[in-house]
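These notes are about the structure you will find just below.
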Amino acid sequence: MNKNQLHVKARGAHPQYPARFAVPDEFVLLEKNFPEYKPTDYTAQTVVDNDETKKKGGWADPMDVSLVKNMEGRTSYETGKLKIDPESQKPLNPRGRTGMVNRGLLGKYGPNFAADPVVTRINPKNKKIQMVAIKRKDNGEWAIPGGMVDAGEPVSVTLKREFKEEAANCPTDEEKVEMELLTEELFECGEEIYKGYVDDPRNTDNAWMETSVFHFHCNKKLAEKLNLHAGDDAAEVKWLDMDEENKDYKNLYASHKEFADKAKSRILEKLVI
Ligand code: RP5
């Protein structure tokens with residue numbers, strides 16, 4: 001998302017969220033005074049239940065932001081240092097108001113980091129440019145098979161792990177071994193095409209998604225052999241035509257259309273079809 005773009009999906013509906021306070025375009029940026037602003041206060045129960053100070057293996061910050069360890073040390077891909085709300089002491093979304101305070105479904109105050117692999121191929125049968133897409137279970141939208149970076153995990157590991165979990169969950173041991181070799185080869189050379197804020201429908205004024213997006217293009221052999229199998233987190237997986245006429249491509253989840261477009265341009269500019 002380019003820095004001058006206003007977030008839109010972060011002000012929209014999410015199937016598991018109560019309604020947000022409506023934020024018109026002209027009041028998104030925090031510099032603009034908006035005295036009527038009464039954002040909905042919402043943190044999902046699953047976030048409360050996964051408080052890492054109370055539950056072993058919990059993935060969420062405690063509700064009380066003053067109990068979050070090393071909050072001052074947290075940084076954003078977008079802004080470096082976080083901007084803190086002097087009243088609530090909670091971090092402020094660098095892209096402005098969302099109509100909701102606290103964390104919704106996100107575990108961390110401030111940025112919640114993800115990694116997204118855009119895996120593309122030229123369809124061997126019809127020569128169309130395609131990408132691997134999964135259908136999300138939460139809102140039914142097609143998306144890049146990305147996911148959250150686990151604590152201390154290198155992004156390169158997250159990219160491969162998420163791809164295998166969501167799109168390459170082979171049913172037999174034999175297929176698993178072959179898939180392992182194919183993904184190793186595929187993920188050997190990728191290029192980072194984006195790093196920053198995601199216009200995600202789960203974002204709030206105090207918690208938001210940021211990601212690193214990498215593009216991996218299949219060679220001819222991989223393009224033919226890479227068979228997709230949806231994992232537990234995905235309802236479906238497919239090779240999606242990256243065509244403007246394809247509504248599943250046009251309506252990709254969050255900012256994923258923008259990320260996929262970058263990968264497509266890279267194919268058209270640099271790679272031989
Ligand atoms: C998006 O949420 C990121 O771009 C990434 O694809 C995804 C990570 O969240 P989960 O899929 O793990 O819910 O903002």
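These numbers come from a predicted model, not from an experiment. All ligand and atom numbering here is 1-based and tracks the order in the structure.
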Is the NZ or CZ atom of K238 positioned over W142's six-membered ring, under 6.0 angstrom from the centre and within 45° of the axis? yes
Y109 six-ring face occupied by R103 cation (under 6.0 Å, within 45°):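 Yes, R103 lies over the aromatic ring of Y109.
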By the rule that ILVMFWY residues connect when side-chain heavy atoms come within less than 4.5 angstrom, directly or transitively, which residues belong alongside L181? none
When Ile, Leu, Val, Met, Phe, Trp and Tyr are grouped by side-chain heavy atoms lying under 4.5 Å apart, directly or through other members, which residues fall in the same group as Y37? L6, F21, V23, F27, V28, L29, F34
Min N/O separation Y253 to ligand 1 under 3.5 Å: no
Identify the closest protein heavy atom to atom 2 (O) of ligand 1: which residue and atom is it, and at what distance? R202 NH2, 2.9 Å
For atom 4 (O) of ligand 1, which candidate among V198, T211, D116 provides the closest heavy atom? D116
Out of R136, E165, K137, who gets a non-hydrogen atom closest to atom 10 (P) of ligand 1?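 Looking at heavy atoms only, R136 sits closest to atom 10 (P) of ligand 1.
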Ligand 1 atoms in contact with H256 (distance to a heavy atom under 4.0 Å):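 Those of ligand 1 that fall under 4.0 Å from H256 are 1 (C), 3 (C), 4 (O), 6 (O).
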Proximal ligand 1 atoms for D200, defined as those under 4.0 Å from one of its heavy atoms: 1 (C), 2 (O), 14 (O)
With the 4.5 Å side-chain cut-off for hydrophobic clustering, are V132 and F187 part of the same group? yes
Can you tell me which portion of M209 lies within the under-4.0 Å heavy-atom range of ligand 1? Options are side chain, backbone, both, or neither.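 Looking at M209 and ligand 1, just side chain atoms fall under 4.0 Å.
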Rounded distance (nearest 0.5 Å) linking atom CZ of R202 with atom CE of M209: 5.5 Å
